Amino acid sequence: MTTLPSLITRSPSSPVLRSIAGHELGSSSTEVKLLISFKRVPGRAWSSARAGRELGCGGAEHGKALVGLEYEYGAAARSFARQFGVQTRRVPNWRCKAHLESAEVGVADEANGAAVDHSEREERLLSKELSGGPREIRLTSVRGPDFDGASISSQVWEWRHRWNIHYESAGMDNTDAPALLLLPGFGVGSFHYDQQLRDLGREYRVWAMDFLGQGKSWPSHDPAPAEEVMEEVLEGQANAKIRDWGLGKTPESWAQELVYSVDTWRDQVHAFIEKVIGGPVYIVGNSLGGYVGTYFAATNPELVKGIALLNATPFWAFTPNARRYPLLSKLVPWGGLLPVPVIAKAIIRVWWDLLRNPITVQKMIKLVYADCSVVNDKLVGQMLEATDHPAAFAAFTSIVFAPRAHTDFGQNLISLKETRTPMCLIYGKEDPWVVPFWGQRAKQRNPDAVYYELSPAGHCPHHEAPEVVNTLVRKWVESVQSQGALSPPLLDGEVNQKQLYWFVVDNLGKRVCVRVKATQGFWSNLIDSIREIFSKRSLQSQVIEAAEESKV
């Protein structure tokens, strides 16, 4: 907490202070929470004091607590700060967010010096460059037991002999309604879509499926039994043995082609749509699910009415594909086909034990979520449940060494454009892995797609802001159903490519900013990508740090 008089005394020339000083504060309002929150970027030598001096507002005395406004909704903080005359471009090594926390203190109106409420000020500043003001849409919460949603049914389908696929469904009584297939990200399962199943299942037929080797989808028997297995005796249970599947020398006849790859998952989606759903679907995919969904839709457009991508990962796997790179693929000793060789088992074992640690899992989730309040013990437990299956270690090892797809993500997006497949991009802005650059790049590949950017939201917007994502998906499906492939999902009125929407979730007090994004040019996209590179740590460093901290 910094008092307003001392702040102005130290830095009388600061534009933001002059703006606030123009409003006569009462004696009870002299303590104003004026912070600019600077996040340190690894490898940079700037101190908080120097950053403060560059901003023209001291900083030496108060360190990280400098001056300004911290904007809690995650919108463009630099642009917001510049509205007050703070030249944040002079401090490229820092990320500046602004927010005026005191609800009782106003700021001076630029035009006539009159005091205005800061919440009104926020919306006015944020909408200054928008054609049309921000539109507020109120939503009912879909979280918790009090929500009267559709009932969820959990079932198992035998895809191939002894390949059991777990899935959940809702809304099966809506016989004439469109069908939606929800594909989860890596490390999670259908449980990650509970709030979509319960909400969207009231109007549509909805399925959420676990990929083979994740969630609850596993072979029913050991695909490659070992002749001599090193067994670990459970403490206090002399006759109980634990061993991993898939580590023998010879695979069973039904597992001759078992490899946990994107091609396997694409084929799984194909068979599921044909055998279980029985007709074309709308695909909604998050992270890995978006990648697999795009791959499937590009090769089977007749079975896809449209696809919605939620922070879809733009790449998967490292081993060269034998069809695309026959010479390079020969340099890799193993391509993920079971059984697991000894060398691969030795390489992955230590990593596997670190990643399945509960502390590591929780830290990793919090790194990619903008709203960490939804990260709880239940979510961590659901993710760890899959690692207890005897086939889990072999599946994870196979995934690491499995080959890449026959076509890459960019090619698949172009194919969807050529087949005029409707596409909706819903991306969380605060995702540190699939940064906004990748959403814009997907939009460039398919300019007909509509692009929604949510803030605050990270890698899993459907789990962090389910009410908003459900609304956008519902509007998109309704639009495609009524007007055809290239119609944009209208919220209300004509689509404005710079329009800002506020989604307010009743009973939770959560506000989510949604922007309809236009296609950016090459240079704008390049600048954004460079900014993200220097402002966020790499995924590898985050994994290593979380794993090391879990050891302590």
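Every heavy atom of this structure was used, including side-chain atoms; hydrogens, water molecules and symmetry mates were not. Along the sequence shown, the residues carry numbers beginning at 1. Predicted, not measured: the structure shown is a model, and the values here were computed from it.
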Any idea which heavy atoms bring Ser455 and Glu430 closest together, and the distance? OG-OE2, 2.8 Å
As an exercise, state the distance from CD of Gln268 to CD1 of Ile165, rounded to the nearest 0.5 Å. 4.0 Å
Distance-minimising heavy-atom pair for Gly215 and Ala386: O-CB, 3.5 Å
Reported OH-to-NE2 distance for the pair Tyr193 and His462, which is rounded to 0.5 angstrom: 4.5 Å
Under the side chain to side chain donor-acceptor pair (under 3.5 Å) definition, can you give me all pairs with a residue in residues 306-320, not counting sequence neighbours? Asn311-Asp431
Keeping Ser261 on the side-chain end and Ala402 on the backbone end, is there a donor-acceptor pair under 3.5 Å? no
Salt bridge (Lys or Arg N to Asp or Glu O under 4.0 Å) pairs, two or more places apart, involving residues 369-384: Asp371-Lys510
Closer than 3.5 angstrom, by distance alone: can the side chain of Glu467 be matched with the main-chain N or O of Val142 as a donor-acceptor pair? yes
Could you walk me through whether Leu309 and Tyr427 pass side-chain contact (heavy atoms from CB on, under 4.5 Å), step by step? CA-CA 8 Å; Leu309 303 181; Tyr427 278 57; 4.2 Å; yes
Starting at CD of Gln411, measure out to OG1 of Thr294 and round the result to the nearest 0.5 Å. 13.0 Å
Less than 4.5 Å apart, any side-chain heavy atom of Pro461 and any of Val468? no
Quick one: side-chain hydrogen bond (donor to acceptor under 3.5 Å, both in side chains) partners of His166, sequence neighbours excluded? Ser154, Asp210
N/O donor-acceptor pair under 3.5 Å between Asn164 side chain and Lys216 backbone: no
Given side-chain contact (heavy atoms from CB on, under 4.5 Å), test Phe186 with Ile399 step by step and report yes or no. CA-CA 10 Å; Phe186 176 69; Ile399 290 171; 3.8 Å; yes
All side-chain hydrogen bond (donor to acceptor under 3.5 Å, both in side chains) counterparts of Tyr167, not counting sequence neighbours: Gln155
Does the ring center of Trp351 lie less than 6.0 Å from the ring center of Phe396? yes
How long is the gap from CG on Leu425 to CG on Asn446, to the nearest 0.5 Å? 7.5 Å
What is the minimum heavy-atom distance between Gly336 and Ser398, and which atoms define it? O-OG, 2.6 Å
Check: Trp265 and Gln214 side chains under 4.5 Å, non-hydrogen atoms: yes
Heavy-atom side-chain contact between Pro432 and Val368 under 4.5 Å: yes
Would you please name every residue forming a side-chain hydrogen bond (donor to acceptor under 3.5 Å, both in side chains) with Tyr369, sequence neighbours left out? His192, His463
Verdict with reasoning, Val262 to Arg404, per side-chain contact (heavy atoms from CB on, under 4.5 Å): CA-CA 7 Å; Val262 287; Arg404 302 176 65 180; over 6 Å; no
Quick one: does any side-chain atom of Ser217 pair with a main-chain N or O of Leu212 as donor and acceptor, under 3.5 Å? no
Distance flag, aromatic centroids of Phe315 and Phe409, threshold under 6.0 Å: no
Taken to the nearest 0.5 Å, the spacing of Leu197 CG from Ile152 CD1 works out to 4.5 Å
Side chains of Asp263 and Tyr295: donor-acceptor distance under 3.5 Å anywhere? yes
More than 12 foreign heavy atoms under 6.0 Å from CZ of Phe318: is that the case here? no
Taking the side chain as every heavy atom from C-beta outward, state whether Phe147 and Asp199 have any pair of such atoms under 4.5 Å apart. yes
Which of Leu355, Leu379, Val380, Thr387 passes side chain to side chain contact (heavy atoms under 4.5 Å, CB included) with Val361? It is Val380
Partners of Arg324 by side-chain hydrogen bond (donor to acceptor under 3.5 Å, both in side chains), sequence neighbours excluded? none
Distance col, row Glu136:CD vs Phe503:CZ, nearest 0.5 angstrom, shows 10.5 Å
Spell out, as yes or no, whether a donor-acceptor pair under 3.5 Å connects the side chain of Lys429 to the backbone of Pro456. no
Could you go through the side-chain contact (heavy atoms from CB on, under 4.5 Å) check for Leu180 and Val473 one step at a time? CA-CA 10 Å; Leu180 276 63; Val473 169; 4.2 Å; yes
Could you tell me whether the side chain of Asn470 and the main chain of Pro466 form a donor-acceptor pair under 3.5 Å? yes
Tell me whether Trp438 contacts the main-chain N or O of Arg441 through its side chain, where contact means a donor paired with an acceptor under 3.5 Å. no
